[in-house]
Amino acid sequence: MLAMTKRLKSPRKVKLLSSKRVYKGPVFSVFTDYVQEGEYRGRRDVIRHPGSIVVLGVEDESVRDPRLLLERQYRHVVGARIWELCAGRIDPGETRLAAAKRELLEETGYTARNWRLAFRFYASPGFLDEQMHVFVASGLVRGEAQPEDDEQITTELVSLSRAMEMVMNGTIFDAKTMAAVLWFSKKHRK
């Protein structure tokens, strides 16, 4: 996270005046920060999150229109079952790659022969410090899922061309999935 932060330059001097945790939950904490940003002095409410991984599962990258592993699960915030990629939180002491491998197995039952970090991004940098790390997992091998008690996930292998249609027609509207599918489509066609 520091490497990415160092590359980002602030146009004016920023000083953290105070920070107080106002909520601590099992997944994230909320802090109220007071900052001095140049002439501006004000409050920033910030959600602190340990970071997460996203797994773009690819059955076979060598084919022209490879199949991607998509999940469908209920998301309470949206009130619907949505299409998305496998993703999850990085547990304390866990590497990003270990988290990606764990989540893929737990949620889908799949493992992968090849892994590589594709890119990373901030989910919503206006108020959330969560950084998402997208891995490409190729050479998928089917196994048995080991979902957590609250996860009711179905999976489907979908061609890249179909996944692109789903993004473009709004069937897939999850930002991490949209970003990863669009990135992979551009990279795969080169």
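These numbers come from a predicted model, not from an experiment. Residue numbers start at 1 and run along the sequence shown.
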- Message: Tell me whether R102 is salt-bridged to D91, with the criterion being a basic N under 4.0 Å from an acidic carboxylate O.
- Response: yes
- Going by the ring pair (Phe, Tyr, Trp, His ring centres under 6.0 Å) test, which pairs reach into residues 161-183, not counting sequence neighbours? F119-W183
- Query: Atom OH of Y23 and atom CZ of R21: how far apart are they, to the nearest 0.5 Å?
  - Reply: 11.0 Å
- Using 4.0 Å as the upper bound for N to carboxylate O, is an ion pair formed by E84 and K176? yes
- Interatomic spacing from CG in L70 to SG in C86 - rounded to 0.5 Å: 11.0 Å
- Salt bridge D129-R48, side-chain N to carboxylate O under 4.0 Å: yes
- Task: Determine yes or no for a side-chain-to-main-chain donor-acceptor pair under 3.5 angstrom, with Q36 supplying the side chain and G38 the backbone.
- Result: yes
- Query: Any sub-3.5 Å donor-acceptor pair from D45's side-chain atoms to V30's backbone N or O?
  - Reply: no
- Greater than 12 external heavy atoms within 6.0 Å of R142's CZ: no
- Task: Tell me yes or no: between the side chains of T154 and R81, is some donor less than 3.5 Å from an acceptor?
- Result: yes
- From CA spacing to verdict: side-chain contact (heavy atoms from CB on, under 4.5 Å), L97, W115: CA-CA 8 Å; L97 180 57; W115 290 85; 3.8 Å; yes
- Message: Please list all pairs meeting side chain to side chain donor-acceptor pair (under 3.5 Å) that have one or both residues in residues 51-69, counting only residues at least two apart or in different chains.
- Response: S52-E130, E59-R67, D60-S62, E61-R116, E61-S138, D65-S161
- What is the distance from atom CZ of R43 to atom OG1 of T32, rounded to the nearest 0.5 Å? 4.5 Å
- Query: What are the two closest non-hydrogen atoms of L85 and A180, and how far apart are they?
  - Reply: CD1-CB, 3.5 Å
- Task: Taking T108 for its side chain and Y110 for its backbone only, find out whether a donor-acceptor pair lies under 3.5 Å.
- Result: yes
